[in-house]
Amino acid sequence: MSYDFTAIEKKWQEYWKTHKSFAAIEPERAGGMPKKYVLDMFPYPSGAGLHVGHVENYAATDIISRYFRMRGFNVLHPTGWDAFGLPAEQYAIKNNRHPREFTAANIANFRRQIQMLGLSYDWDREIDTTDPKYYKWTQWIFLKLFNSYFDPVDKKAKSISHLIHELEQDNFVVAPDGSVKRNPVMEGMEAISGDVQLERKWRELSVEEKNDVIDGMRLAYTDEAPVNWCPALGTVLANEEVIDGRSEVGGFPVERRPMRQWMLRITAYADRLLDDLNLLDWPESLKQMQRNWIGRSVGAEVDFEVAASKRDEGQGDEEDGEGITVFTTRPDTLFGATYMVLAPEHPLVEKITTAEQKAAVNAYREQCAGRSERDRMADAKDKSGVFTGAYAINPVNEAAIPIFIADYVLMGYGTGAIMAVPAHDQRDFEFAKKFNLSIKPVVKPIKGDLPDDAAFEEEGTAINSPVIDGLTTAKAKEQMIAALERDGVGHGTVKYKLRDWLFSRQRYWGEPFPIVLDTQERAYGIDEAELPLELPSIEDYKPTGTPEPPLSKAKDWVKYENPRIAMRGLLRETNTMPQWAGSCWYYLRFLDPNNSQAPVDPKKEAYWMPVDLYVGGVEHAVLHLLYARFWHKVLFDLGVVSQPEPFGRLVNQGLILGETEYHAFYTADGNVVTASEAKEIGEEATDAGVKLMAIHAKTSEKLIGQRVGEEDVEKTANGFRLKSNPNMRVDARAFKMSKSRGNVASPDDLVREYGADALRLYVMYMGPLEMQKPWNTRDIIGMSRFLSSVWRNLAEKPVDANAAMSDALQGQMHRTIKKVAEDTEALRFNTAIAELIKLNNEITALPAVPKSLAENLALMVAPFAPHLAEELWQRLGHGESLAHYAWPSFDPAKLVESTMELPVQVNGKLRGKIVVPVDAGEADILARAAGDSEVQPWLAGKTVRKQIYVAKKLVNFVVG
RNA sequence: GCGGGCGUGGCGGAAUAGGUAGACGCGCGGGUCUCAAAAACCCGUUCCCACAAGGAUUGUCGGUUCGAUUCCGACCGCCCGCACCA
């Protein structure tokens with residue numbers, strides 16, 4: 001008989017709820033209590049309900065939270081609903097329901113499912129990003145972004161009013177491109193170059209120009225630029241939301257088109273986002289993903305002149321002097337530049353192309369424009385391009401080099417133009433080979449020769465380069481940059497792959513921007529007092545399929561009236577914020593969820609932040625985790641928060657795959673195929689669901705995977721084979737859980753059948769938290785048996801307060817206490833559970849259980865299987881919940897045993913074992929080992945050349 | 001192509017400052033209890049050999065060492081991320 005988990009789990013969930021057992025203590029009442037902030041990536045309440053991946057995530061943080069409460073920490077462990085945005089809205093449209101109503105229903109379902117797992121959340125802090133009381137502060141933060149700029153001198157965000165002050169004082173001047181820089185004269189520098197003369201002071205600008213300068217500095221700004229438009233979703237997307245030319249949500253094609261959009265100036269923070277990764281205890285792979293995404297490269301910009309003589313002869317000389325700036329990370333190879341390439345979209349292409357090349361160039365540009373990013377990437381191997389007819393002058397040696405356009409140079413990175421050094425860049429090498437361009441080596445390997453069928457891309461020693469010959473690559477770069485700067489033809493610089501964050505969406509279900517636009521489309525922030533700006537209820541919320549957002553249909557809402565503003569014809573911004581907005585700062589709101597005066601009270605923020613443990617999936621590596629760090633840094637600069645980074649320690653739980661499947665491959669006419677003949681195994685959707693497909697290695701024939709049962713296969717030296725047909729090899733693999741594969745495990749069913757405690761335990765016992773692992777429902781029974789056994793041992797067997805424990809049992813109890821604590825803190829839940837099972841197995845053999853042992857086991861089980869533990873604790877005679885009862889302590893003296901077993905090896909092979917007192921001397925031990933009856937035959941008649949005794953580990957005799 | 005991770009029984013996985021490989025769970029085999037079954041409990045379970053004795057064994061091959069799952073080198077396979085980023 002198993003214990004009645006359904007009743008017990010319900011009972012304790014109600015107890016915790018009514019007693020508010022897991023309410024975090026407010027800082028002002030916490031005394032000297034140390035804190036732990038344990039956070040989950042809060043869920044999107046999708047229509048699909050809870051996934052076992054959620055269970056893995058939340059069980060892990062719940063165990064940690066419960067453990068730390070028992071260790072005397074003031075634990076903050078909250079949750080909420082990230083309910084705005086595309087995924088939720090897509091579900092709503094698919095189910096033909098209004099997002100507001102649908103979201104409410106989904107939240108209710110998620111809450112029920114989460115509560116049935118017995119998670120120790122502080123429910124008084126539950127937040128919902130779609131609640132106006134919450135998004136009021138999302139809008140407030142947006143206004144902060146809108147009203148701030150990134151100070152180029154102090155490298156931090158400051159208010160726009162401060163910027164205006166600096167400009168009025170002439171501390172800053174305005175450059176010809178509209179950017180703002182420190183006034184060189186105010187720094188005590190003489191204006192030396194002609195450029196400085198072009199910089200203008202604030203008072204020299206018209207009102208319109210002043211507004212343009214300010215708007216150009218804001219951290220939130222509008223820009224008319226080519227963006228990722230997704231027709232199927234009816235909205236634009238951020239770069240981070242586009243994967244291989246398709247939308248992350250839904251996998252729909254994405255195209256580039258110019259549109260006016262809201263952008264956030266995340267690029268200003270590129271260096272800080274990069275550098276501060278070093279402060280974080282995050283998985284190295286995740287940090288690396290962020291580093292790659294930011295994509296910092298150090299190099300130089302070099303200015304090339306376009307050669308006059310090669311251009312249209314009819315033009316006068318004054319027209320010449322057209323310059324092209326290129327970016328390179330290898331300025332040391334400048335002497336090896338034998339041609340130049342512009343991106344097809346480069347604005348100078350039109351100007352420099354000669355009459356005879358015009359037709360070819362235009363044809364190529366058109367061809368490129370018509371191709372999707374996907375197509376362009378597909379044939380990266382095969383270089384294409386066209387000669388413009390123009391030549392550029394290499395500033396270091398006056399060499400005239402031909403200018404090409406080619407789609408392997410992207411307008412979106414660097415300057416959209418490169419100097420091509422085919423000897424030292426593989427792409428340039430391939431292009432040069434194809435177009436028969438000269439290849440000039442300027443770097444020689446430290447050892448060995450230059451390859452003749454590829455570019456030499458490594459570092460080496462400069463050759464054929466007058467100013468830098470003989471220098472190593474690092475030195476040569478330095479020298480070359482110095483020379484370029486001295487001659488005014490280039491300068492050292494840093495480029496990033498990171499682009500500004502496209503922040504507006506043409507969708508209904510998101511936070512409205514707290515912005516109004518005048519007739520010229522200039523943006524103004526509304527008053528803080530007008531927040532929250534509520535999302536109007538409209539019936540027709542569906543995307544229009546055009547760039548016109550659905551909110552524009554709320555005609556009355558769009559019209560903006562404010563008696564204090566004289567301007568007429570103001571209209572509200574009708575775009576909405578993207579799904580990431582609410583999750584960019586939710587971890588702060590948990591600290592102070594009901595504050596109506598500020599997003600968070602600074603005193604509370606100072607106490608709780610940073611997050612001590614953050615657990616979630618790796619899929620947000622360059623989305624939520626990058627965006628939230630960016631917002632946090634802005635809030636840090638503006639004094640809203642006290643820490644430079646929000647999440648100290650972060651762990652990604654590994655993906656839980658579906659159950660392992662076995663597939664045998666057949667040809668279309670039913671012939672047997674071996675695994676080695678089946679290549680490129682992948683999935684394909686068919687009418688009957690998703691099928692496993694493969695290609696025949698020799699015939700390229702399409703092979704169909706036939707699912708076979710585990711019991712039908714057997715293992716051989718090189719894989720599995722079918723029992724019924726030994727020639728047939730079988731492929732064993734686990735797939736991502738998906739509805740179409742029909743391999744989704746349902747938490748509802750599992751809890752009903754095995755109980756929440758057993759499910760939690762199983763998910764934690766499957767393997768290391770961070771590792772990807774296949775699901776196997778069959779295995780849950782083991783955890784179910786363990787819990788029933790604990791129940792029988794502690795609730796049904798006599799518990800004896802006076803029973804003495806044997807030394808061995810006592811030793812094991814204390815070792816278990818130590819190991820479970822260590823493993824839990826290190827998030828090694830699988831081995832912690834194994835120790836608990838071992839201790840319980842010992843108890844099973846006892847006729848009666850010593851009370852201290854029973855209590856300690858109940859306490860140690862509590863973080864993992866809290867319902868059962870509470871019930872047992874109560875039955876052991878305790879009136880209160882064990883949620884805050886002290887974790888058992890171990891006695892180091894009890895860990896030591898009086899004797900030990902030592903393995904005895906002869907020539908490294910195990911031949912016997914001896915049991916000796918722990919304090920036995922080496923000579924003693926060696927004598928005992930040599931005399932052991934198991935060992936003796938292996939030593940007889942041989943010379944012992946060496947005796948090795950590793951203290952408390954083993955004995956090894958080397959014989960000849 | 002670049003970067004990161006991984007490879008251990010029938011399955012999930014333990015164990016690495018080098019020291020008894022396979023903890024713990026599943027599955028499987030046998031037993032106890034029972035009229036029977038379930039549940040529970042006990043025993044066994046890496047492979048080879050009928051058993052024992054013995055031998056082999058942590059993807060493959062090699063190296064260092066008294067001793068290698070652990071360290072080094074080469075190779076094979078799988079997974080993840082990035083990718084014409086100049």
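So that the names make sense, note that chain A is the first sequence line, chain B the second, and so on, each numbered from 1.
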- [ ] State whether a side-chain donor-acceptor pair under 3.5 Å links A:R815 with A:Q812.
- [x] no
Task: Rounded distance in Å between the C1' positions of B:A40 and B:A23 - done: 24 Å
Task: Residue pair A:Y408 / A:D428, side-chain donor-acceptor N/O under 3.5 Å - done: yes
Open item on the list: In whole Å, measure the gap between the C1' atoms of B:G73 and B:C80 for me.
Closed with: 26 Å
Task: A:R785 vs B:G27: side-chain N/O to OP1/OP2 distance below 4.0 Å - done: yes
Task: A:E661/A:R741 ion pair, N-O < 4.0 Å - done: yes
TODO: Return the nearest nucleotide to the side chain of A:D407; candidates are B:C84, B:G19, B:A56.
DONE: B:C84
- [ ] Return no unless some side-chain N or O of A:R792 is found under 4.0 Å from OP1 or OP2 of B:C41.
- [x] yes
Task: Phosphate contact (B:G4 OP1 or OP2) by A:N292 side-chain N/O below 4.0 Å - done: no
Open item on the list: What's the gap between B:U58 and B:U8 when it is taken at their C1' atoms, as a whole Å value?
Closed with: 4 Å
- [ ] Report the nucleotide, chosen from B:U20, B:G12, B:G13, that has the shortest atom-to-atom distance to any side-chain atom of A:P903.
- [x] B:U20
TODO: Tell me, with the steps shown, if A:Y413 and A:S297 meet side-chain hydrogen bond (donor to acceptor under 3.5 Å, both in side chains).
DONE: CA-CA 11 Å; A:Y413 185 75; A:S297 32; 2.5 Å; yes
TODO: Please state how far atom CE in A:M289 lies from atom C1' in B:C2, giving the value in whole angstrom units.
DONE: 15 Å
Open item on the list: If the cut-off is 4.0 Å, is A:Y413 near the phosphate of B:A86, judged by side-chain N/O to OP1 or OP2?
Closed with: yes
Open item on the list: At 4.0 Å (heavy atoms only), tell me whether A:I837 reaches a base, stays on the sugar-phosphate, or touches nothing.
Closed with: sugar-phosphate
Open item on the list: Just by distance, no angles: are the side chains of A:E240 and A:W293 close enough, under 3.5 Å, to form a donor-acceptor pair?
Closed with: yes
Open item on the list: Do A:W791 and A:S789 pair up side chain to side chain, a donor and an acceptor below 3.5 Å, judged on atom types alone?
Closed with: no
Task: Spacing between A:L926 atom CG and B:C66 atom P, to the nearest angstrom - done: 17 Å
- [ ] Identify whether any heavy atom of A:E284 sits under 4.0 Å from a base atom; if not, whether one sits that close to sugar-phosphate; answer base, sugar-phosphate or nothing.
- [x] nothing
Open item on the list: Side-chain N or O of A:K946 versus OP1/OP2 of B:C66: is the shortest distance under 4.0 Å?
Closed with: yes
Task: Proximal nucleotide (of B:A86, B:G13, B:G25) relative to the A:F327 side chain - done: B:A86
Task: Closest to side chain of A:T831, choosing from B:A14, B:G55, B:C84 - done: B:A14
Open item on the list: If I pick the C1' atom on B:G62 and the same atom on B:A14, what distance separates them, to the nearest angstrom?
Closed with: 28 Å
TODO: Quick one: label A:D428 by what it contacts on the DNA or RNA (base, sugar-phosphate, nothing), any heavy atom closer than 4.0 Å.
DONE: nothing
- [ ] Starting from C1' on B:G19, measure out to CG on A:L910 and report it in whole angstrom.
- [x] 11 Å
Open item on the list: Could you tell me how far apart A:R828 (CZ) and B:U16 (P) are, to the nearest whole angstrom?
Closed with: 9 Å
Open item on the list: Quick check: A:F404 with A:F431 (ring centres under 6.0 Å apart)?
Closed with: yes
- [ ] Please measure how far the P atom in B:C6 lies from the corresponding atom in B:C24, and state the result in whole Å.
- [x] 25 Å
Open item on the list: Base, sugar-phosphate or nothing for A:L286? Non-hydrogen atoms, less than 4.0 Å.
Closed with: nothing
Open item on the list: At less than 4.0 Å, is any side-chain N or O atom of A:K797 found next to OP1 or OP2 of B:A40? Yes or no.
Closed with: no
- [ ] Write down the distance between CD (A:E835) and P (B:G25), rounded to a whole number of angstrom.
- [x] 11 Å
Task: A:S297 vs B:A86: side-chain N/O to OP1/OP2 distance below 4.0 Å - done: yes
Open item on the list: Using atom P in both nucleotides, what's the gap between B:U70 and B:G9 to the nearest angstrom?
Closed with: 15 Å
TODO: For A:R911, answer base if it contacts any base atom (sugar-phosphate contacts may also be present), sugar-phosphate if it contacts only those atoms, and nothing otherwise; contact means non-hydrogen atoms under 4.0 Å.
DONE: sugar-phosphate
- [ ] Could you check how far CG of A:D779 sits from C1' of B:C26, rounded to whole Å?
- [x] 4 Å
Task: Nearest-nucleotide 5' precedence on RNA chain B, A:Q288 against A:K838 - done: A:Q288
Open item on the list: Once you apply a heavy-atom cut-off of 4.0 Å, does A:W775 come out as touching a base, just sugar-phosphate, or nothing?
Closed with: nothing
Task: Base-paired stems in RNA chain B, each at least three Watson-Crick or G-U pairs under 3.5 Å - done: B:1-7 with B:76-82, B:10-12 with B:24-26, B:27-32 with B:40-45, B:46-48 with B:54-56, B:59-63 with B:71-75
Open item on the list: When the P atoms of B:U57 and B:C48 are compared, how many Å lie between them, rounded to an integer?
Closed with: 15 Å
- [ ] Starting at atom CZ of A:R778, determine the distance to atom P of B:C26, rounded to an integer number of angstrom.
- [x] 10 Å
Task: Charged tip of A:R296 within 45° of A:Y496 ring normal and under 6.0 Å - done: no
Open item on the list: Syn or anti for B:G9? Use the chi torsion, O4'-C1'-N9-C4 for purines and O4'-C1'-N1-C2 for pyrimidines, with syn inside 90° of 0.
Closed with: syn
Task: 5' precedence on RNA chain B between A:T328 and A:I948 (nearest-nucleotide basis) - done: A:I948
- [ ] Could you measure between the two P atoms, the one in B:G77 and the one in B:C41, and give it in whole Å?
- [x] 46 Å
Open item on the list: Of the listed nucleotides (B:G12, B:A86, B:G19), which one gets closest to any side-chain atom of A:V409?
Closed with: B:A86
Task: Nucleotide nearest A:K913 when distance is taken to its side chain, options B:U20, B:G25, B:G12 - done: B:U20
Task: Side chain of A:K383 (C-beta onward), nearest among B:C66, B:C79, B:C84 - done: B:C84
TODO: Under 4.0 Å between any heavy atoms, over every strand shown, what does A:K497 touch: base, sugar-phosphate, or nothing? Just pick one.
DONE: base
Open item on the list: Any base atoms under 4.0 Å from A:Q905, or only sugar-phosphate, or nothing? Heavy atoms, all strands.
Closed with: base
TODO: Identify whether any heavy atom of A:P283 sits under 4.0 Å from a base atom; if not, whether one sits that close to sugar-phosphate; answer base, sugar-phosphate or nothing.
DONE: nothing
TODO: Verify the contact: side-chain N or O of A:N830 to OP1 or OP2 of B:A14, cut-off strictly under 4.0 Å; return yes or no.
DONE: yes
- [ ] Compare every heavy atom of A:W938 with every heavy atom of A:R911, then report the nearest pair and how far apart it is.
- [x] NH1-CZ2, 3.2 Å
Task: Value in whole Å for how far the C1' atom of B:G81 lies from CG of A:L625 - done: 15 Å
Open item on the list: Looking at A:R760 and A:E56, is there a salt bridge between them, counting it only when a charged N and a carboxylate O are closer than 4.0 Å?
Closed with: no
- [ ] Tell me yes or no: between the side chains of A:N776 and A:T660, is some donor less than 3.5 Å from an acceptor?
- [x] no
